[in-house]
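Take a look at the structure below.
As the structure is a prediction and not an experimental result, all values here were calculated from the model. In the text below, chain A, chain B and the rest are named by the order of the sequence lines, each starting its count at 1.
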Amino acid sequence: MSRFDLAIAIGGAAGQGIATPGDILARIFVRRGLHLNAYNAYQSIIRGGHIFLTLRTSDQPVLSFGDNIDILIPLNQDTMNRHLRLMKAGSAVLYNSDKIKPTTVAEGVQLCPFSVKELAPALKGDLVQNTIALGVVLRLIGVEFKILEDILFYQFKRKGDAAIAENVGVARAGYDHAGAHFKPFPFVLPDTGRKLAFFEGNQALAMGGAAAGVRFYCAYPMSPASGVLHWMARHGRQLGIMVRQVEDEIGVINMAIGAAHTGCRAMCATSGGGFALMSEALGSAAMMEIPVVCINVQRAGPATGVPTKTEQGDLLQVMGAGQGDYPRIIVAPTTIPDCFKTVPQLFNLVDKFQCPGIVISDLLLSEGRASVDAAELDFNVPIDRGEVIGLNGAALPPDDGYKRYQITASGISPRALPGTPGYVHVVATDEHDQEGVLISDEFTSANKRQAIHEKRMRKMEGVMPLLEPPGMFGPVDAEVTLIGWGSTQGVIREAVQKLGDEEGIVANHLQIKWLVPLHAEAIVSILSRSKKTIIVENNYSGQFARYLRSETSIVADGHIRKYDGEPFMPHHIVDGVKAILAGATRKYVPVHEIMV
Amino acid sequence: MSVSMTETEARARGARDDKAERAKLTVKDFKGQVDPDWCPGCGDFGVLSALKQAIVELGLQPHEVMTVSGIGCSSNLPGYINAYGMHTLHGRALAVATGAQLANHELKIIATGGDGDGYGIGGNHFLHCMRRNVDLTYIVMNNQIYGLTTGQISPTSVKGMKTKSTPFGSVENPINPIPLAIAGGATYVARGYTGHVKHLAELIKGGIQHKGFALIDAFSPCVTYNHDNSHEFFKQRTRMLADMGHDPTDFNAAMEKAYMWGEVIPIGLFWKRDDLPSLDQLEPVLADGGPLARRPLGVPPEIAQALIRELM
């Protein structure tokens with residue numbers, strides 16, 4: 001059975017209302033049980049610029065936003081100029097012919113002009129063309145008008161009957177215009193008879209936090225992490241989560257640490273610049289042994305960098321954040337639904353090991369959208385708070401000999417929550433002994449320092465056995481192994497399929513999710529069977545390649561790297577693998593052909 | 001016939017036991033695990049002593065109090081008092097204390113630190129903590145010098161002061177924390193002097209009892225690195241606001257007194273208002289259900305379903 005695969009792109013300037021038709025289409029797809037992957041390319045501008053939203057849908061899981069566009073909806077001339085040249089035979093381009101003229105067009109591309117003046121003479125405003133375009137596109141892919149009518153009703157019901165009638169009217173005009181003038185696609189948009197949901201990575205992270213039992217969330221606004229704050233702010237009261245916008249990221253992480261120390265599960269999210277400000281305090285959480293979760297949604301750096309563009313450039317930052325050695329757990333979710341699952345997993349680990357945990361996401365994952373089966377969104381997750389005294393106000397007999405930092409074989413010392421009678425103690429960012437008494441000031445003790453430092457660091461040994469080890473996807477005896485980490489899982493997997501289907505190259509794939517601690521031995525064992533290895537990552541210097549080499553001595557045979565701000569498309573990886581296997585280069589850097 | 005205690009009786013008895021228990025505690029019960037490592041004659045001893053007195057007089061128990069400090073000589077205080085404590089990073093005491101207070105608003109949280117910690121590196125948190133009116137008591141041991149780093153100017157060092165970092169005299173104007181706090185939204189603004197421990201204890205007590213952000217700036221002379229602003233200096237100049245007929249609810253009078261500096265330096269309660277709710281009182285999530293930190297985790301199934309429906 002051949003796979004149904006359709007990609008629709010809507011482009012225009014910021015302020016032209018791309019999000020709404022995008023949402024409507026996404027909803028239509030998932031309500032028919034179709035899978036979805038969407039990526040929005042945009043700039044740090046409120047009005048103007050060029051925004052390009054790609055929605056790809058299929059009856060099979062969609063791994064990336066893909067290589068091709070089947071339907072282009074340019075909302076301005078600029079979008080037409082940028083994208084028409086990339087449209088291939090069999091595709092269609094829908095546009096308002098009052099304002100937009102086609103440029104050079106390949107043979108077999110169906111141009112579908114519509115005149116807003118003719119179809120909606122009475123209506124004014126830029127958004128009319130979006131509604132008409134929706135009518136046109138749905139007619140072309142065989143969706144009955146009633147579905148759009150229902151959605152428009154829902155969308156405009158707050159504005160009253162007149163607004164509903166107006167919008168339904170112009171959508172109908174577009175729908176009928178398409179029926180009369182354009183050739184529909186040779187399929188009807190499938191309906192699997194069940195429904196899927198869809199969400200953005202940041203929503204998934206926030207919902208994962210809610211499922212984990214986060215009671216305190218704080219943040220400073222920073223793209224592309226603000227989506228987590230927005231979700232939390234909207235749902236916090238309903239869920240009993242306190243949500244605070246703080247003066248800066250230093251305040252954010254310290255506030256979260258304060259809340260965590262008293263017993264709340266506390267979380268915050270930021271991007272690389274904000275994370276840099278949090279560095280010292282993450283070390284303090286480790287020193288005081290307070291569990292806290294911080295999400296770093298990477299964007300293209302350094303410095304302010306490209307705020308609305310993606311990169312995997314903060315791996316070395318999160319691994320090296322803060323002075324000194326300290327236990328930390330770092331995880332890079334591999335898909336949008338995985339964002340939801342990872343946060344509760346990480347909370348259980350940081351609670352058990354009383355250390356900071358870092359989720360490393362990126363713009364692609366956090367602002368990308370994907371379909372998900374609602375059954376996968378299980379909020380009833382296992383919760384393990386670790387060894388805590390005084391949780392939920394539970395009373396224990398007072399212990400005169402309580403030592404907050406008692407030296408144990410596991411390195412884990414039961415923590416007592418402030419407010420618990422009989423367990424009074426002080427936690428300190430200065431080095432301290434088992435009782436929490438400072439050893440840094442008056443009588444520095446080398447022996448005590450060594451013992452307590454080893455106790456803290458020893459905790460990491462217990463983490464690894466609890467983490468799911470990475471596994472190889474695809475045939476063991478493949479010609480080439482592609483290695484990635486975090487958000488690139490989907491696009492690499494699609495490239496593996498493409499290599500097999502279109503290029504006759506048998507590839508397999510190893511994706512790393514748990515970065516610290518790293519399953520070094522398992523990775524060495526898995527890769528020992530690989531004939532050639534290529535590491536794919538969204539940064540300039542090969543941060544993961546360097547890390548893998550340092551932990552395993554594995555030197556990859558080739559590298560595919562991208563650091564132009566845009567995510568990989570499957571063909572970028574395919575082209576890179578071909579070039580590397582042909583011996584043309586050891587490091588392939590694709591050119592992003594789409595001008596966004 | 002057995003007589004069981006009614007709930008009211010039990011509560012009354014519990015309250016009596018509680019009270020009896022509380023009455024027993026003295027300043028000695030609040031002695032920390034170690035003795036202070038401050039220089040002999042350091043003003044900070046006066047703050048520690050006043051703080052313990054205030055806590056004892058309020059009948060608080062060690063587990064009901066948490067001190068939160070930053071870094072510096074004075075920030076070592078949590079180690080010297082028998083209460084829960086957090087000795088956090090330099091400048092971050094108020095941020096950490098805010099998180100702790102919101103997460104468990106039943107704790108009495110007392111942030112302590114120095115002028116460099118609070119008005120310098122932690123200045124941004126100080127400003128925002130005041131405007132939010134977080135229910136904290138913040139005691140700044142103001143010695144107008146960086147002591148632990150062996151003597152450099154601080155944000156409150158006076159113009160012209162010669163230190164290791166200003167060998168030819170500081171050219172900068174100092175921060176005056178009192179008008180800054182009054183204008184910044186603090187709802188209890190006081191200044192004490194560690195030479196008057198009893199007075200300072202009263203100010204701290206008032207601060208702990210006050211629902212909202214209370215700043216107590218305490219002149220706490222550094223006997224090692226600041227020879228300009230010495231005990232001698234303050235003894236001659238400090239004068240009680242209460243003796244000056246000051247009304248702490250009069251904003252203009254408070255601002256006027258706050259700017260007095262020279263031969264007469266007022267100490268006492270400059271400014272107090274009780275009409276503004278503190279942040280925890282404004283937070284709907286805390287409206288009922290007790291401290292956040294003690295609430296059970298988990299999302300009720302009907303809410304989980306509603307969240308999922310939003311995505312479909």
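Applying the 6.0 Å contact sphere to OH of Y220(A) captures no more than 12 heavy atoms from other residues, nucleotides or ligands. Enclosure of atom CZ in R237(A) is not indicated, since only 12 or fewer non-hydrogen atoms of other residues, nucleotides or ligands lie within 6.0 angstrom.
Both the backbone and the side chain of M242(A) come within less than 4.5 Å of a heavy atom of chain B. Of the atoms belonging to M86(B), heavy atoms from both backbone and side chain fall under 4.5 Å from chain A. Both the backbone and the side chain of I250(A) come within contact range of chain B, judged by heavy atoms closer than 4.5 Å. When heavy atoms are compared at a cutoff of 4.5 Å, I253(A) does not approach chain B at all. Of the atoms belonging to H425(A), heavy atoms from both backbone and side chain fall under 4.5 Å from chain B. For A212(A), the part sitting under 4.5 Å from any heavy atom of chain B is the backbone (N, CA, C, O) and nothing else. Using a 4.5 Å cut-off between heavy atoms, L292(B) touches chain A through backbone and side chain atoms alike. In this structure, the portion of H235(A) lying under 4.5 Å from any heavy atom of chain B is its side chain and not its backbone. In this structure, the portions of V96(B) lying under 4.5 Å from any heavy atom of chain A include both its backbone and its side chain. Both the backbone and the side chain of A374(A) have a heavy atom closer than 4.5 Å to some heavy atom of chain B. For M287(A), no part lies near chain B; criterion is any non-hydrogen pair under 4.5 Å. With a 4.5 angstrom heavy-atom cutoff, L279(B) touches chain A only via side-chain atoms. At a 4.5 Å heavy-atom cutoff, R369(A) makes no contact with chain B through either its backbone or its side chain. When heavy atoms are compared at a cutoff of 4.5 Å, L286(B) approaches chain A solely by way of its side chain, counted from C-beta outward. Only the side chain of P284(B) comes within contact range of chain A, judged by heavy atoms closer than 4.5 Å. E200(A) does not touch chain B: none of its heavy atoms, backbone or side chain, sits under 4.5 Å away. Neither the backbone nor the side chain of L127(B) comes within contact range of chain A; no heavy atom of the residue lies under 4.5 Å from a heavy atom of that chain. Both the backbone and the side chain of R215(A) come within less than 4.5 Å of a heavy atom in chain B. For chain A, the nearby parts of E310(B) are the backbone and the side chain; heavy atoms of each come within less than 4.5 Å.
For chain B, the option among I241(A), D378(A), I290(A), L391(A) with the highest count of heavy-atom pairs below 4.5 Å is I241(A). Contact count versus chain A (heavy atoms, under 4.5 Å) is highest, among Q101(B), M66(B), E106(B), E283(B), for E283(B). Annotation: maximal heavy-atom pairing with chain B below 4.5 Å, among F216(A), F199(A), F379(A), Y423(A), occurs at F379(A). Each of L377(A), L417(A), T262(A) has some count of heavy-atom pairs under 4.5 Å with chain B, and the biggest count is that of T262(A). Interface remark: of the candidates L239(A), V30(A), V214(A), L239(A) forms the most heavy-atom pairs closer than 4.5 Å to chain B. Across A97(B), A95(B), G85(B), A103(B), the residue that shares the most heavy-atom pairs under 4.5 angstrom with chain A is G85(B). Note: L102(B) leads L102(B), I109(B), I303(B), T67(B) in heavy-atom pairs under 4.5 Å with chain A. Taking V372(A), T420(A), V437(A) one by one and counting their heavy-atom pairs under 4.5 Å with chain B, the maximum is reached by T420(A).
Using modelled atom types, one side-chain atom of N82(B) and one backbone atom of D29(B) make a donor-acceptor pair closer than 3.5 Å. A donor-acceptor pair is defined here as one N or O able to donate and one able to accept, closer than 3.5 Å; such a pair exists between the side chain of Y405(A) and the backbone of M288(A). Put simply, the side chain of D384(A) never gets that close to the backbone of N348(A): no donor and acceptor are under 3.5 Å apart. The backbone N or O of S278(B) sits less than 3.5 Å from a side-chain atom of Q281(B), completing a donor-acceptor pair. Under a 3.5 Å cut-off, the side chain of R385(A) and the backbone N or O of G263(A) do form a donor-acceptor pair. Panel note: side chain T429(A), backbone S284(A); no donor-acceptor pair is recorded below 3.5 Å. In this structure, the side chain of D117(B) does not engage the main chain of H90(B) through any donor-acceptor pair within 3.5 Å. Under the 3.5 Å distance criterion, the side-chain polar atoms of R27(A) are matched with a main-chain donor or acceptor of M312(B). Distance alone, capped at 3.5 Å, is enough to place a donor-acceptor pair between the T192(A) side chain and the R32(A) backbone. Formation of a donor-acceptor pair under 3.5 Å by the R295(B) side chain with backbone atoms of G289(B) is found in this model.
A perpendicular orientation is assigned to the rings of W38(B) and Y80(B), their planes being inclined by more than 60° (bins at 30° and 60°).
In the model, N133(B) has a side-chain atom that pairs as donor or acceptor with a side-chain atom of T187(B) under 3.5 Å.
Counting only heavy atoms from C-beta outward, the side chains of D248(A) and H125(B) approach each other to under 4.5 Å.
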Determine, stepwise, if the pair K211(B) / D280(B) fulfils salt bridge (charged side-chain N to carboxylate O under 4.0 Å, His left out).
CA-CA 10 Å; K211(B) 186 74 189 154; D280(B) 57 300; 2.8 Å; yes
